[in-house]
Amino acid sequence: MGNNNENRKKKKEKPKYNAWQNSWFMIKLAWQTKEKKILVLCVLVATFAVLKNLLELYVVPTILSVVERKASIEEMLLTILGFVGGMMLVSAGAAYVGENTLYGRVTLRLGLIGMLNKKSSTTSYPNLFDEKFDKLTKSALEAVGTNERASEAIWKTLTDLLKNVIGFVIYVSLIVLVQPILLLVVLITTIIGHCANRYANGYKYRHRKEEAEAIGQMVYVRDRARDYSAAKDIRVFGLRSWLEELFEKAMEAYMAFHQRCQRAYLWAKVADVGLTFVRNGIAYGYLIYLVLEQNLSTAEFLLYFSAVSGFAAWVLGILENLNILHRQSIDITAIRECLEYHEPFAFENGEMLEVESNKKYEIKLHKVSYRYPGTDVDILKEVDLTLHPGENLAVVGLNGAGKTTLVKLICGFLDPTEGQVLLNGVDIRTYNRADYYKMFSAVFQKFGVLAATIAANIAQTEDDINIVRVKECAEKAGLCEKIDALPEQYNTLLNREVFEEATMLSGGETQRLMLARALYKDAPVIVLDEPTAALDPIAEYDMYQKYNEMTKDKSSVYISHRLASTRFCDRIILLENGVIAEEGTHKDLMQKGGKYAELFAVQSKYYQEGESDNEK
Ligand code: ADP
């Protein structure tokens, strides 16, 4: 029950923007993104379509009036030629602008894809595990997925709508010229016809449960007849005739349902024909009266009568366009809601932070607690921790102890649920988060190798690459030999998903690439989150040497599951149950004989056993 109510509430939830707001949004976007031609082409396409219609409307009455007036042959020929020429020009114009509508529309849609990609890649980190944002991103990406989707198809709808509105206004003026009441008759009969049609078309949908029930019963009988487990019952209890009866009843219900649908369609058609009859009858009657009583010419009679009978098409066109626009608007709302999704972090609206690689920075966690959204456990509880300038801090603890969460809080990927992260005494929420990220050179467990050259991957940019520094960093990271051996060297492309000819680096080589990247960035704080998890022990040992060298004059936070690798750090903290359970140098902690010492003993034993196993 509760669920049903919720569903109903969800269904009733109004979209954030209506069709007009979304149309205006798209028009503004086209204007601002220098795709103004989309708008010009929409107006041109609509204008040509209306012109074509008007030429068709006027051609016969005009020629007739020329004949009626017994005008000269030249005038007759000129009139005919004028119309033929006009038709040709308008058709050619319509074809030309029609051909050119695609490009701007595609560019704008691709622009929207770019905007959505930018939002996803720069959004506040917590949004990435926010289910609502995830759903919105998916809907938004679908809405920009193909030419047929709203982000592009809306231009056709708006063009058609404009065409129908212009046509409507012109026809209204024509009919009003004859008799305003006639307009009322035409409008009312058209709208009633439209409503009857909608009612008939919706009949099947409104009564879909009846159809589903009958189909369900027929499927049930079909499946039972083949159901091996029911076979004995069917035979022993003579259920066959009962099943046949059930099937027949269901089939009758199904057929009766379709007959009712057909009847609804038929009545709608009858109503439509009747209404057209009334409309045309009244128009005919009135126009004949005008011919007889007020000397209306035959040509005018024909013109006004064509206007009356053609009027419905504009009205129905407008109603249909509004219907489509409403549906497309839902897609555009998804795009907008995704782009406008709330950013819990400050970016451009935050204070600027100028990060200098040689400046001393102190990062302090003050009574920091953190709980992931939608959960009820504090992963960290009132943690107080200071990373002093130039200090090398190691964070250890069992899996799930909260080490990565701690690092995410330090790096500003997450904001504390309670407490503060302070940079030189200032809450980091004050700053533009993008500036704050400049504080860190990081090597994480999961690497992000970009589809670009090795040089671009190290420099993290495609232009302004300082190749001398790139080489220095590759050298320090121990990757130089490998790169020099490649035919394209630093211009070698990486990532096979994008480039077929790309080179694949091994786990260890990728690791070194990430190290070179961190070195190139030369940020004041280095963060290493179990960066050697995928390496064999020798490569791992070599990597530790490099990290030690790299972190010499900098602050660093180092998460490692290998306790031996942390002994070179200035300070080690052990996380347990969301708090710092132990803290000190390797020597201090070993002397203390607590959890750290226990873990260290287990790991040492494991490695020694591993070694002796290998020897065996
Ligand atoms: P560690 O790095 O010490 O292995 P983590 O910081 O990765 O630990 O995770 C600590 C706890 O937080 C784990 O219990 C994990 O399941 C939970 N956790 C991590 N990420 C999320 C998330 N996005 N949503 C909910 N819980 C999470």
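When a ligand or atom number is given, it counts from 1 through the structure's own listing order.
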Specify whether the nearest protein heavy atom to atom 15 (C) of ligand 1 is under 4.0 angstrom away.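 Given the 4.0 Å cut-off, atom 15 (C) of ligand 1 does not count as touching protein heavy atoms.
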Is_contact(atom 5 (P) of ligand 1), protein non-hydrogen, under 4.0 Å: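 Yes.
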Which segment of Thr405 sits under 4.0 Å of ligand 1 when only heavy atoms are counted: both
Which residues satisfy the side chain to side chain donor-acceptor pair (under 3.5 Å) test with Lys156, sequence neighbours excluded?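 For Lys156, the residues satisfying side chain to side chain donor-acceptor pair (under 3.5 Å) (neighbours in sequence not counted) are Asp160.
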Any side-chain donor near an acceptor of the partner, Asp134 and Thr137, under 3.5 Å: no
Pairing donors with acceptors under 3.5 angstrom, does anything connect the side chains of Asp331 and Ser151?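 Result is no, nothing qualifies.
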Which residues share a side chain to side chain contact (heavy atoms under 4.5 Å, CB included) with His388, sequence neighbours left out: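 Here the qualifying residues are Glu362, Thr386, Glu391, Arg571.
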Report the nearest protein non-hydrogen atom to [atom]: residue, atom name, distance rounded to 0.1 Å.
atom	answer
atom 7 (O) of ligand 1	Thr404 CB, 3.6 Å
atom 20 (N) of ligand 1	Tyr372 CZ, 3.3 Å
atom 12 (O) of ligand 1	Ile379 CD1, 3.2 Å

Would you please classify the geometry between the Tyr372 ring and the Tyr370 ring as parallel, tilted or perpendicular, with 30° and 60° separating the classes? perpendicular
Relative to each other, are the rings of Tyr341 and Phe133 parallel, tilted or perpendicular (30° and 60° limits)?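 Tilted.
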Are any of the N/O atoms in [X] less than 3.5 Å from those in ligand 1?
X	value
Ala401	yes
Lys403	yes
Gly402	yes

So which of Gly374, Pro373, Gly400 gets nearest to atom 10 (C) of ligand 1, if we judge by its closest heavy atom? Gly400
Atom indices of ligand 1 within 4.0 angstrom of Leu398 heavy atoms, with elements: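 Per the distance check, 3 (O).
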Can you list the atoms of ligand 1 that are under 4.0 Å from a heavy atom of Asn399?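 Once the distances to Asn399 are compared, the set is 4 (O).
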Around atom CD of Glu418, are there more than 12 heavy atoms of other residues, nucleotides or ligands at under 6.0 Å? no
For Lys381, does the NZ atom sit with more than 12 other heavy atoms under 6.0 Å from it, leaving out its own atoms?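 Yes.
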